[in-house]
Amino acid sequence: MIEIQNLSKGFGSLQVLEGVSLQIHDGETIAIIGRSGSGKSVLMKHLVGLLTPDEGRVLVDGTDIDTIPYEALRRLRRQFGVLFQGGALFDSMTTFENVAFPLRYFSSLDEKGLQDRVQECLDLVRLSGVGAKNPTELSGGMRKRVALARAIAIEPEYILYDEPTSGLDPETSNTINDLIRHLAEALNVTSVVVTHDMHSVLSIADRVAFLHERDLEWVGPVAGIHKCSNPHLNAFVKANEYQVGDTTPALSGPSA
Amino acid sequence: MEYSNEIKVGIAIVIAVVAAVFGVRFLQDLPLFGDTYAVRAEFEEASGLTAGNPVRMKGVNVGSVGSIRLDQETQTVRARLRIEEGISIPEGSHAKVAGFSGIGGVRISILPGPRENPPLPPDATLSAPPEGSVFDRLTDQAPELANKADSVLTSTNATMAALSEQLQNPESDLRQALASANNIAGDLESVTEAEKETLRALLQNLRSVSGDLDTFMGENGDSLDVAVRRLNQSLDRLNRGLASFEETSATLDTVATKLNEGDGTAGRLLNDPTLYLRLDSAAARTNTLLKDFQRDPGHYLNDMTLVKVF
Amino acid sequence: MLDTLLSPFRALGRYATLMGRAFASIDKVGTYWNNLFIQMVRVGIDSIPIVALAAAFTGAVFTVQTAYQLETPFIPKTIIGSIVAPSIMLELGAVIAGFILAGRVGARIAAELGTMRVSEQIDALEVMGLNSVGFLVLPRVLAGVLMFPVLYVVSCVVGIGTGIGVGHFGGFLSASEFLEGARQFFKLLDPTIGLIKSFAFGFIITSVACYKGYYTGGGAVGVGDSTTQAAVLSCVFILVADLLIALLLL
Ligand SMILES: Nc1ncnc2c1ncn2[C@@H]1O[C@H](COP(=O)(O)OP(=O)(O)OP(=O)(O)O)[C@@H](O)[C@H]1O
Ligand SMILES: [Mg+2]
């Protein structure tokens, strides 16, 4: 379980988060939505100690990750898989090596097992046959999927996805959504998905947290998203609906 | 393939280390292969000598100066030399600083001792060459020695003269005279003992520098001549001193004989047998000492004439 | 105002902390063994040609100019060797290699780490549970410290070698005259100090570059800034360290 308590964070004069509190339960998939620049990625980075809160705490299974020693933090981080918004692939290595990287350091697989596992992960994100390529030779969407393959390679307990479907065609998006759901259900992974994509939200999330004006304005089950009275969230959902149009039955259904 | 980086790095490091070691040894004038052993050297004056300066023996490079420092206590310069393995320096060799620092040619020059001497063991110390200072020392010391012997002998002489005079004179205080004679005997003993050592050391020194004398003959022929002449003079004086010593002891003998025979005005002496015995023993002791002194210096002087060979 | 005054101290503190973290993870250098050798090749082996080139020209020019300046009948020609060889070993060998590597290695490391920082690759390493400082900084700094002396030796050998060659074939002084002069004034202290300098410069270049790269902020411009600053700061610190070593050890 991850517990965010009263977290505040600012950069210089810019206050990004203020008094954010949230509990993420084991095995659930929570979607964090919000406007671009609202601080979703910043919030996500706090969950693995990449950013330190100005105020408040982040507890992972009861441990305050900002006060434990660095070595303990490193051990704790090995339970996490993180998909960065920009992919953050190591451009000095091939795609294969990128996915194999965490396995080399944190699994006991032999070379054969490692190759199989990498292949499996690349298959899961529908990217077979690009193993020998350098990340710079891949398209944006492909890079994102390689990064996803890398994040799930060591089968972490927690996976944080920063916009897993942005920049992907609808079909591939659906594959990724299926994958996320599959991981959550089959492996009981706790997932935090940062996204703008309401289709994604509706198809994978158990709960939704809406970040607006430095705080989580609304947190609730995904079913309640259309019944809530929060004007900002309504506007956010409406805008998304308008943008996606009638092509998304899951969205238009409940709202009609 | 996995190890190709490690191999590259390894090769580069090995080459660099080899290049550095060989380069340094090359610039130090050391043999590129082979080892060196350490020898120490002491000087009064380093004349700008620094670590790395060459060490030469008979003009051939045989090593280099490893380190150099000033011993604060003794105010001498102590250097550590690295001598090529295979170059043996005979015992009795000396080291001196040669060349001028102004044009960078300072070096250590080893003056080898006699060829037949055993080689110096590692870490042995080479002293500065005697440079003629041994002769100075010798000529300085010899007259001193002679003077000492002289003065003792003179005073013995005088005392003996006084003694014999007093023995003739019935009014004199014989006890006092005998006591003073006794004192002189003691003095003589200590002098002989002390000078024996000095002489021995002197002669040993002489023997050990005999190898150097060869070199000096060439370089310092003139000064050597002078030194030898001075030395000879000193030895003459010593001889003369000893001769007078002999004379004195003869006098003492005579006195003793006279006393023995009960001649002259020695009636009171004869009345006191202990006094007589004491005088007798004092005379006897003086005699043995003198004989010893006579015999030993004679032997030493024979050795000393070695000097004349050069 | 106070911020501007304190910022150098803050930078120094961050730099020292980063180095502390790097060397605190030295026990895990085995984990990053491959990285170390990759960096040793990039920092060291790959720099050999350019260092050799610079050293060759330095040695040649230095010999020719010394010969020109000492063109007096009273001064023996061997003195040229006595000036060129120690100067290269004591100073030029290390400093020339240092300047070239500040540009070549320093800029490269800063750009590399800077790009990794702004593209979140460092964050990615961290969240995988790797010690990014141990993984990225330590191998680079160690590679600098270990390989710079090798480059120094290359620099000295090539510099003195070309000095001898140019002196000989340029008709200034024969190779044996050069060597005689070089030997006459040879002190073991010269290459020792040169070697100490090379260790120091290797550390300065790589550590400053790592610091600048690791703490890059703000995208491509940030990477550009870090790269420039790494090269410039390395050069400045090389000069400062050079002076300090000379003052302390000579
Ligand atoms: N390292 C940083 N330094 C300064 N400001 C930052 C930093 N990281 C984020 N910010 C600022 O914090 C705010 C939130 O950024 P964040 O990346 O969390 O947005 P986001 O919600 O993820 O947006 P998007 O959906 O576009 O990814 C932005 O205004 C951004 O400028
Ligand atoms: Mg974001």
Side-chain angles (χ1 to χ4, degrees), chain B residues 1-32 36 38 46 48-56 59-69 79-82 98-108, chain C residues 33-48 51-52 74-76 78-79 81-83 85-86 88-89 93 97 139 142-143 146-161 164 178-192 194-195 198:
Chain B
M1 276 318 286
E2 215 13 45
Y3 296 103
S4 73
N5 280 339
E6 299 178 19
I7 291 168
K8 274 192 217 166
V9 169
I11 291 174
I13 290 178
V14 167
I15 292 177
V17 168
V18 169
V21 169
F22 274 54
V24 165
R25 291 184 76 104
F26 180 68
L27 289 176
Q28 277 181 325
D29 277 354
L30 286 182
L32 297 187
T36 59
L49 192 76
T50 52
N53 283 143
V55 176
R56 293 188 182 161
V60 178
N61 279 344
V62 294
S64 66
V65 178
S67 62
I68 188 157
R69 71 185 176 86
R80 245 178 95 84
L81 317 180
R82 285 185 296 243
F100 301 98
S101 66
I103 44 176
V106 201
R107 61 180 184 272
I108 285 183
Chain C
W33 200 244
N34 272 344
N35 269 19
L36 177 62
F37 280 93
I38 290 171
Q39 294 308 324
M40 282 171 102
V41 168
R42 289 194 186 153
V43 169
I45 314 272
D46 293 354
S47 302
I48 288 176
V51 167
F74 303 110
I75 300 175
T78 55
I79 292 296
S82 316
I83 292 174
I88 288 179
M89 285 186 287
L142 276 185
L146 293 176
M147 293 310 282
F148 207 100
V150 172
L151 295 170
Y152 164 73
V153 173
V154 169
S155 181
C156 286
V157 169
V158 173
I160 295 175
I164 293 172
F178 190 108
L179 282 176
E180 192 192 326
R183 285 172 162 180
Q184 210 170 55
F185 281 96
F186 179 79
K187 290 189 230 77
L188 193 57
L189 193 63
D190 293 348
T192 310
L195 202 64
S198 73

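In what follows, chains are A, B, ... by sequence order, proteins preceding strands, each numbered from 1. Just so we're clear, the structure is a prediction, and the values are computed from it rather than from any experiment.
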Results of salt bridge (Lys or Arg N to Asp or Glu O under 4.0 Å) for B/Arg69 - residues two or more places apart only: none

Gap separating the CD1 atom of C/Ile45 from the CD1 atom of B/Ile11, nearest 0.5 angstrom: 8.5 Å

Pairwise distance CG(B/Leu27) to CG(C/Leu179) - rounded to 0.5 angstrom: 7.0 Å

B/Lys8 NZ to C/Ile38 CD1 distance, which is reported to the nearest 0.5 Å: 10.5 Å

Separation of B/Asn5 CG from C/Asn34 CG (nearest 0.5 Å): 8.0 Å

Which pairs would a plain distance check flag for residues 150-159 of chain C, meaning a side-chain donor or acceptor within less than 3.5 Å of a matching protein atom at least two apart in sequence or in another chain?
from     : atom 1 : to      : atom 2 : distance (Å)
C/Tyr152 : OH     : C/Met89 : O      : 2.6
C/Ser155 : OG     : C/Gly93 : O      : 2.9

